[in-house]
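Residues take their numbers from the sequence shown, with the count starting at 1. As the structure lists them, so they are numbered: ligands from 1, and atoms in each ligand from 1. The figures here come from the full heavy-atom set of this structure, side chains too, leaving out hydrogens, waters and symmetry mates.
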Amino acid sequence: MKPAPFAYVRPARVEDVLAELATEDTKVLAGGQSLVPVLAMRLGRPATLVDITSVAELQAIDRAGDTLRIGAAVRQRAVERSDHTRSVPLIGMALPFVGHRELRSRGTVCGSLAHADPAAELPAIACCLAARVEVAGQNGRRWVDADTFFLGAMTTGTGSDEVVTAVEFPVARPGQGFGFAEIARRHGDFALAGVATAVTVDADDTVTAARLTGFGISDRPVTRDVTDLLADGPTGPAELRPALAELAAEIVDTGGDAHGSTGYRRRLFAVLAARELATARRRAAATAATAAAGTPEAAA
Ligand SMILES: Cc1cc2nc3c(=O)[nH]c(=O)nc-3n(C[C@H](O)[C@H](O)[C@H](O)COP(=O)(O)OP(=O)(O)OC[C@H]3O[C@@H](n4cnc5c(N)ncnc54)[C@H](O)[C@@H]3O)c2cc1C
């Protein structure tokens, strides 16, 4: 099928984007990798598409102090290739799983957040890292924590007259380690289940923080503080798995479908979470040791 007819505008400033969005029946167009199929299947029929990719302010990737800011027009592939991305290792771990390179050369990081697919990788790492999303509207700009940005499947709190302008990720510090894994039927497919993990240790190698985010397991990314689990004893995957199987029973509620039952997704989540928490714990110890030895090496 072809999309229903629509008008197309390509403003050059955020103010002009907002002026367009203030009119009836408009939709933001970023990379188009999710929106265009929706239009082609006539699941949506906006009167006007507001293309944001020519807005200069939205095209930058900036490292400022402890944060990495990615503008809403920045393509996923540009982020993948940027030197800055090494400062946030989870981005580099997750991006190769987002569809295929051809899709990433058009799709944007912020577009993936705004689309809010529950099985998407970038919303999950944003939640795991406690990133924040900048949203511009008629009354100015506001910041929304990733944890509260996603309200349900394909649903965020962004109004139809608002636009996501950027996302800010905290850069990794020595003593932090990360893990990421997903299971999909074929590489590039949306995940049946996936996890992102972030662990912090102090100079005595004690775990001071541990976060675990699951995706593809509910109607949005689900994050848990699991510091106690890692601080309280052995941290190999086999020792962690029973507690994570219990957690899976609590948080994995995606119904069964042709690709896998709820029980199968629970088992996937528990196995991946145990493995990637153990991996992140090991990497955290390594980056702490590297920092203590005075070797300037990026955290991983
Ligand atoms: C075959 C295929 C496989 C894919 N596989 C995966 C996958 O494995 N993992 C994955 O995560 N994604 C996957 N995708 C989706 C892809 O990553 C998209 O790029 C992404 O979901 C949306 O980004 P976009 O820039 O293309 O947004 P668009 O398609 O332009 O927009 C998507 C939605 O978000 C809104 N939007 C976009 N930007 C903004 C903004 N700045 N402010 C407010 N609203 C905005 C649009 O109005 C629209 O509703 C796949 C897509 C296809 C076609």
Side-chain angles (χ1 to χ4, degrees), residues 3 6 8-11 14 17-18 20-21 25-41 43-55 57-59 69-80 91 93-127 133-137 141-142 144 149-151 153-167 180-194 196 213 215-216 220-221 259:
F6 55 83
Y8 170 83
V9 292
R10 197 164 56 171
V14 171
V17 169
L18 293 173
E20 293 290 348
L21 293 177
D25 202 12
T26 53
K27 196 90 182 137
V28 172
L29 173 69
Q33 298 306 294
S34 296
L35 182 56
V36 171
V38 165
L39 301 183
M41 289 184 278
L43 298 172
R45 302 171 67 130
T48 305
L49 294 189
V50 184
D51 185 340
I52 61 169
T53 56
S54 291
V55 179
E57 183 204 326
L58 305 183
Q59 290 168 352
R69 179 186 172 93
I70 301 174
V74 178
R75 315 273 186 197
Q76 294 156 6
R77 186 78 178 134
V79 176
E80 208 173 345
I91 298 180
M93 293 179 195
L95 272 173
F97 291 95
V98 179
H100 303 280
R101 195 172 49 193
E102 293 77 6
L103 292 163
R104 298 196 295 275
S105 71
R106 302 293 306 175
T108 62
V109 170
C110 291
S112 176
L113 303 182
H115 189 57
D117 192 305
E121 292 81 3
L122 298 173
I125 64 163
C127 289
V133 181
E134 188 185 58
V135 179
R141 300 200 183 198
R142 62 193 172 96
V144 186
F149 183 74
F150 304 101
L151 301 183
M154 315 295 186
T155 309
T156 73
T158 311
S160 59
D161 59 350
E162 294 184 308
V163 61
V164 171
T165 41
V167 57
F180 183 91
E182 68 173 48
I183 300 289
R185 278 167 60 89
R186 297 167 303 190
H187 182 84
D189 283 1
F190 280 99
L192 288 173
T213 301
F215 58 99
R220 70 195 86 174
H259 305 301

Quick check on contacts: which atoms of ligand 1 are under 4.0 angstrom from a heavy atom of [X]?
X	value
Phe97	8 (O)
Gly31	24 (P), 25 (O), 26 (O), 27 (O), 30 (O)
Ala120	11 (O)
Gly107	19 (O), 25 (O), 26 (O)
Ile52	41 (N)
Ala72	41 (N)

Original post:
Mind checking whether Leu29 has an N or O less than 3.5 Å away from an N or O of ligand 1?
Top reply: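 Min N/O separation from ligand 1 is not below 3.5 Å for Leu29.
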Between [X] and [Y] (side chain of the first, backbone of the second, donor and acceptor by atom type, cut-off under 3.5 Å), is there such a pair?
X	Y	result
Gln59	Thr53	yes
Asp25	Ala47	yes
Ser105	Leu103	no
Thr48	Thr26	no
Glu162	Ala136	no

**OP:** Check the surroundings of atom CZ in Arg185: do more than 12 heavy atoms from other residues, nucleotides or ligands lie under 6.0 Å from it?
**Re:**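 At most 12 heavy atoms, drawn from other residues, nucleotides or ligands, come within 6.0 Å of this atom.
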Closest by any non-hydrogen atom to [atom]: pick that one out of [options].
atom	options	value
atom 16 (C) of ligand 1	Gln33, His187, His115	Gln33
atom 37 (C) of ligand 1	Ala94, Gly111, Pro46, Gly99	Gly111
atom 21 (O) of ligand 1	Ala124, Ser34, Ala136	Ser34
atom 39 (C) of ligand 1	Val28, Leu113, Asp189, Thr108	Val28
atom 3 (C) of ligand 1	Leu103, Leu39, Val74	Leu103
atom 49 (O) of ligand 1	Lys27, Arg104, Arg106	Lys27

Could you tell me the separation between the [atom1] atom of [X] and the [atom2] atom of [Y], rounded to the nearest 0.5 Å?
X	Y	atom1	atom2	value
Cys110	Arg75	SG	CZ	12.5 Å
Thr156	Arg220	OG1	CZ	11.5 Å
His100	His187	NE2	NE2	7.0 Å

Original post:
Measuring from the heavy atoms of Leu122, does anything fall under 4.0 Å of ligand 1?
Top reply: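 It does not, in that no heavy atom of Leu122 comes within the 4.0 Å cut-off of ligand 1.
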Subject >> Closest non-hydrogen atom pair between Ala119 and Phe215, with its separation >> reply: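 That would be O-CD1, 3.5 Å.
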For [atom], what is the nearest protein heavy atom, given as residue, atom name and distance?
atom	result
atom 31 (O) of ligand 1	Leu35 CB, 3.9 Å
atom 17 (O) of ligand 1	Val98 CG1, 3.5 Å
atom 44 (N) of ligand 1	Ala114 CB, 3.5 Å
atom 28 (P) of ligand 1	Gly32 N, 3.4 Å
atom 42 (N) of ligand 1	Val164 N, 2.8 Å
atom 14 (N) of ligand 1	Phe190 CZ, 3.5 Å

Original post:
Using 4.0 Å as the upper bound for N to carboxylate O, is an ion pair formed by Glu121 and Arg104?
Top reply: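 Salt bridge between Arg104 and Glu121, a charged N being under 4.0 Å from a carboxylate O: no.
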**OP:** Return the orientation label for the Phe97 and Phe180 ring planes: parallel under 30°, perpendicular over 60°, tilted otherwise.
**Re:**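 The arrangement is tilted - the two ring planes meet at 30° to 60°.
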Original post:
What part of Thr158 sits under 4.0 Å from ligand 1 if we count only heavy atoms: the side chain, the backbone, both or neither?
Top reply: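 For Thr158, there is no contact with ligand 1 at all, from either part.
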Subject >> Residue portion contacting ligand 1 (non-hydrogen atoms closer than 4.0 Å) for Glu121 >> reply: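 The part of Glu121 near ligand 1 is both the backbone and the side chain.
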Subject >> Qualifying residue for side-chain contact (heavy atoms from CB on, under 4.5 Å) with Val163, from Val55, Val28, Val50 >> reply: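 Of all the options given, the one that passes is Val28.
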